[in-house]
J.: 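The structure is given below, and queries will be raised subsequently.
These numbers come from a predicted model, not from an experiment.
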Amino acid sequence: MTESDDAVALMHLAHQLHRNLERRLQSDFAHPKPPELQTVALWQVRARPGLTVRELADELQLRPNNASALVTAMVTAGLLRREPDERDRRVVRLHTTEEARRRIDQVQELFTGYLLSALERLAPGQRAAVRAALPGLTELSGLLRSDGR
């Protein structure tokens, strides 16, 4: 197998893992599942409360106007709150709502459960190989992101 074959296999695997998680979630999540971009935006804002729209755009690799439209839709849906910055009233900070936090927790629990269940069914050596690959895959993701800027 060549490095090019490995790259193609990794690309297909990443897509398939994502699709499998999303499909499972669609059948098990009690609420209408928000679009993936909204879910990722909620994770970002929850991890960094007070993020600005510009910072969120950078995190999601979106144009500022697209991030602004996304935030507006999420505020309208009751998932995000906009709050003026205490020091500079021209700056707006983003925060998740309680309902959004509950839904994020539910999605996280489902994803974690799916992965733990699948990992438990792997042979011990395969589980160890997956664990050992995580730092390299994390670095790879960062390199892809930085190359795309």
J.: Side-chain contact test, heavy atoms from C-beta onward, threshold under 4.5 Å: evaluate it for L21 versus L115 and give yes or no.
T.: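 With C-beta onward as the side chain, the pair touches.
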J.: Could you give the distance from OG1 (T97) to CG (L79), rounded to the nearest 0.5 Å?
T.: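 Between T97 OG1 and L79 CG, I get 5.5 Å after rounding to 0.5 Å.
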J.: Determine, using the 4.5 Å side-chain heavy-atom cutoff (strictly less than), whether V107 and L17 are members of one ILVMFWY cluster.
T.: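 Each belongs to a different hydrophobic cluster.
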J.: Say you draw a straight line from CE of M74 to CZ of R82; how long is it, rounded to the nearest 0.5 Å?
T.: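 It is 11.0 Å, given to the nearest 0.5 Å.
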J.: Tell me, do L137 and L10 make a side-chain contact under 4.5 Å, heavy atoms counted?
T.: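 They are in contact (side-chain heavy atoms under 4.5 Å apart), so the answer is yes.
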J.: Quick one: are E59 and W43 in side-chain contact, heavy atoms under 4.5 Å?
T.: no
J.: Ion pair present between D105 and R46, side-chain N to carboxylate O less than 4.0 angstrom?
T.: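 Counted as a salt bridge, because a side-chain N and a carboxylate O are separated by less than 4.0 Å.
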J.: Check A67 against A57 and note the closest heavy-atom contact, atom names and distance.
T.: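 Distance-wise, the nearest heavy atoms are CB-CB, 3.5 Å.
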J.: Measuring from L25:CG to E36:CD, what's the distance to the nearest 0.5 Å?
T.: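 These two atoms lie 10.5 Å from each other.
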J.: Report yes if the side chains of V130 and Q126 come closer than 4.5 Å at any heavy-atom pair, otherwise no.
T.: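 Of all side-chain heavy-atom pairs linking Q126 with V130, none is under 4.5 Å.
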J.: If the threshold is 4.0 Å, N to carboxylate O, is there a salt bridge linking R93 and E86?
T.: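 Salt bridge: no.
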J.: What pair of heavy atoms forms the shortest contact from V40 to L60, and how long is it?
T.: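 So the minimum-distance heavy-atom pair works out to CG1-CD2, 3.4 Å.
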J.: Between the main-chain N or O of T2 and the side-chain N or O of D5, is there a donor-acceptor pair closer than 3.5 Å?
T.: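 Side chain of D5 to backbone of T2, a donor-acceptor pair under 3.5 Å: yes, one is there.
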J.: Counting only heavy atoms not in R54, do more than 12 fall under 6.0 Å of its CZ?
T.: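 Atom CZ in R54 is not packed in, count stays at 12 or less.
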J.: Return yes if some donor-acceptor pair links the side-chain N/O of E55 with the main-chain N/O of T52 below 3.5 Å, else return no.
T.: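 Flag set: sc E55 to bb T52 pair under 3.5 Å.
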J.: Does any part of the side chain of L70, heavy atoms only, come nearer than 4.5 Å to the side chain of L37, both counted from C-beta?
T.: yes
J.: Going by heavy atoms in the side chains, are F29 and R103 under 4.5 Å from each other?
T.: yes
J.: Is the backbone of S68 close enough, under 3.5 Å, to the side chain of T72 for a donor and an acceptor to pair up by distance?
T.: yes
J.: Is there a path from L140 to V8 through hydrophobic residues (I, L, V, M, F, W, Y) whose side chains come within less than 4.5 Å of each other?
T.: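 No, it is not one cluster - the side chains of L140 and V8 are not joined through contacts under 4.5 Å.
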J.: Quick one, L122 and L119 - any side-chain contact, counting heavy atoms below 4.5 Å?
T.: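 With C-beta onward as the side chain, the pair touches.
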J.: Using salt bridge (charged side-chain N to carboxylate O under 4.0 Å, His left out), reason through E22 and R19 one step at a time and then give a plain yes or no.
T.: CA-CA 5 Å; E22 288 291 317; R19 284 294 298 144; over 6 Å; no
J.: In this structure, would L80 and V92 fall into the same cluster of hydrophobic residues linked by side-chain contacts under 4.5 Å?
T.: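 No, no single cluster joins them.
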J.: Please check this pair: side chain of S117 against backbone of Y114, looking for a donor-acceptor N/O pair closer than 3.5 Å.
T.: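 No, because the side chain of S117 does not come within donor-acceptor range (under 3.5 Å) of the backbone of Y114.
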J.: Write down the atom of H95, the atom of G50, and the distance for their closest heavy-atom approach.
T.: CE1-N, 3.5 Å
J.: Indicate yes or no: at least one non-hydrogen side-chain atom of L56 is less than 4.5 angstrom from one of V71.
T.: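 Side-chain contact under 4.5 Å: yes.
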J.: Please check if atom CD in E98 has more than 12 non-hydrogen atoms from other residues, nucleotides or ligands closer than 6.0 Å.
T.: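 More than 12 within 6.0 Å, yes.
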J.: To the closest 0.5 Å, what do you measure between CG (L94) and CZ (R81)?
T.: 10.0 Å
J.: Between atom CZ of R145 and atom CD of Q61, what is the distance when rounded to the nearest 0.5 Å?
T.: 4.5 Å
J.: Donor-acceptor check, side chain of S141 to backbone of T138, threshold 3.5 angstrom: yes or no?
T.: no
J.: So, does N66 use its side chain to make a donor-acceptor pair with the main chain of L62 at under 3.5 Å?
T.: no
